[in-house]
Amino acid sequence: MKVLQNAVSGTMESSDIQITIQPVDTTEIQIDLDSSVEKQFGRKIRQVITDTLENLAIQGVKVTAVDKGALDCTIQARTITAAHRAAKQEQYDWKEIDSWNV
């Protein structure tokens, strides 16, 4: 999937995360994380975002994540939504997405 534009998913409410994805000119995934629980869970939050983007075959993006205590499933869902919006994709391959959690 190719990221074509900036996109946002999520809110700044408690137990949520706001994910902003924008294309960059490199092939790496850059993550800027702002979280009150970064010391305890920052590595895991970054890993969930990275794994989700890799499963979607996305490279060359900058992700800005503002976490308010989101669970892994919420982080994954917000990342998937922002990625699809950024790629202008309206169809989700639910069978493929479901297979990641096996």
Side-chain angles (χ1 to χ4, degrees):
M1 189 179 312
K2 180 157 176 64
V3 172
L4 304 171
Q5 63 186 13
N6 295 354
V8 179
S9 176
T11 69
M12 302 293 285
E13 299 293 322
S14 180
S15 301
D16 203 353
I17 187 168
Q18 185 176 67
I19 300 285
T20 304
I21 294 180
Q22 61 189 70
V24 294
D25 291 333
T26 67
T27 59
E28 64 185 20
I29 296 171
Q30 304 167 15
I31 300 175
D32 181 20
L33 175 62
D34 177 17
S35 174
S36 60
V37 295
E38 185 168 1
K39 287 184 180 182
Q40 296 93 341
F41 301 108
R43 186 178 319 137
K44 179 63 174 175
I45 294 168
R46 285 182 177 85
Q47 190 63 51
V48 171
I49 293 169
T50 301
D51 290 348
T52 303
L53 293 173
E54 288 176 351
N55 284 333
L56 292 169
I58 291 179
Q59 298 178 339
V61 293
K62 178 180 179 186
V63 177
T64 304
V66 181
D67 175 56
K68 299 294 183 182
L71 298 174
D72 290 356
C73 57
T74 304
I75 297 166
Q76 185 182 56
R78 297 302 192 197
T79 304
I80 290 168
T81 302
H84 278 76
R85 288 176 180 169
K88 296 184 179 181
Q89 295 285 320
E90 295 183 13
Q91 299 294 324
Y92 292 79
D93 185 350
W94 292 114
K95 189 172 184 179
E96 174 64 24
I97 291 169
D98 189 46
S99 73
W100 304 343
N101 297 313
V102 174

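Positions are given from 1, in the same order as the sequence printed here. All values reported here derive from a predicted model rather than from experimental measurement.
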- Joint hydrophobic cluster, V24 plus I31, side-chain heavy atoms closer than 4.5 Å: no

- Query: Any side-chain heavy-atom pair from I29 and E54 closer than 4.5 angstrom?
  - Reply: yes

- Do the side chains of Q18 and V8 get nearer than 4.5 Å, heavy atoms only? yes

- In this structure, are over 12 heavy atoms from other groups packed under 6.0 Å from E90 atom CD? no

- Heavy-atom check, side chain of I49 versus side chain of I19, under 4.5 Å: yes

Using atom types as modelled, flag every donor-acceptor pair under 3.5 Å from a side chain in residues 65-80 to any protein atom, sequence neighbours excluded.
{"from": "D67", "atom 1": "OD1", "to": "G69", "atom 2": "N", "distance (Å)": "3.2"}
{"from": "D67", "atom 1": "OD1", "to": "A70", "atom 2": "N", "distance (Å)": "2.9"}
{"from": "D67", "atom 1": "OD2", "to": "S35", "atom 2": "OG", "distance (Å)": "2.8"}
{"from": "D67", "atom 1": "OD2", "to": "G69", "atom 2": "N", "distance (Å)": "3.3"}
{"from": "R78", "atom 1": "NE", "to": "D16", "atom 2": "OD1", "distance (Å)": "3.0"}
{"from": "R78", "atom 1": "NH2", "to": "D16", "atom 2": "OD1", "distance (Å)": "3.4"}
{"from": "R78", "atom 1": "NH2", "to": "D16", "atom 2": "OD2", "distance (Å)": "2.9"}
{"from": "T79", "atom 1": "OG1", "to": "I75", "atom 2": "O", "distance (Å)": "2.7"}

- From T50 atom OG1 to Q30 atom CD, the distance as rounded to the nearest 0.5 Å: 11.5 Å

- Message: On a heavy-atom basis, which atom in A7 and which in A86 lie closest, and how many Å separate them?
- Response: CB-N, 3.4 Å

- Is there a path from M12 to I17 through hydrophobic residues (I, L, V, M, F, W, Y) whose side chains come within less than 4.5 Å of each other? no

- Message: Under a 3.5 Å distance rule, please check whether Q5 uses its side chain to pair with a backbone N or O of R85 as donor and acceptor.
- Response: yes

- Query: Between L56 and H84, does a side-chain contact (heavy atoms from CB on, under 4.5 Å) hold up when you go through it step by step?
  - Reply: CA-CA 9 Å; L56 292 169; H84 278 76; 3.9 Å; yes

- Query: Minimum heavy-atom separation for T81 to Y92, with atom names?
  - Reply: CA-OH, 3.9 Å

- Item | R46 with E38: basic N within carboxylate O range, under 4.0 Å | yes

- Item | Criterion side-chain contact (heavy atoms from CB on, under 4.5 Å) on V3 and M1, from CA distance to verdict | CA-CA 7 Å; V3 172; M1 189 179 312; over 6 Å; no

- Can you name the side chain to side chain donor-acceptor pair (under 3.5 Å) partners of Q47, sequence neighbours left out? D51

- In Å, rounded to the nearest 0.5 Å, how long is the span from OG1 of T52 to CD1 of I58? 9.5 Å

- Message: Test of understanding: clusters of I, L, V, M, F, W, Y form through side-chain heavy atoms closer than 4.5 Å, transitively. Do V63 and L4 belong to the same one?
- Response: no

- Message: Would you compute the distance between atom CD of Q22 and atom OG1 of T64 and round it to the nearest 0.5 angstrom?
- Response: 5.5 Å

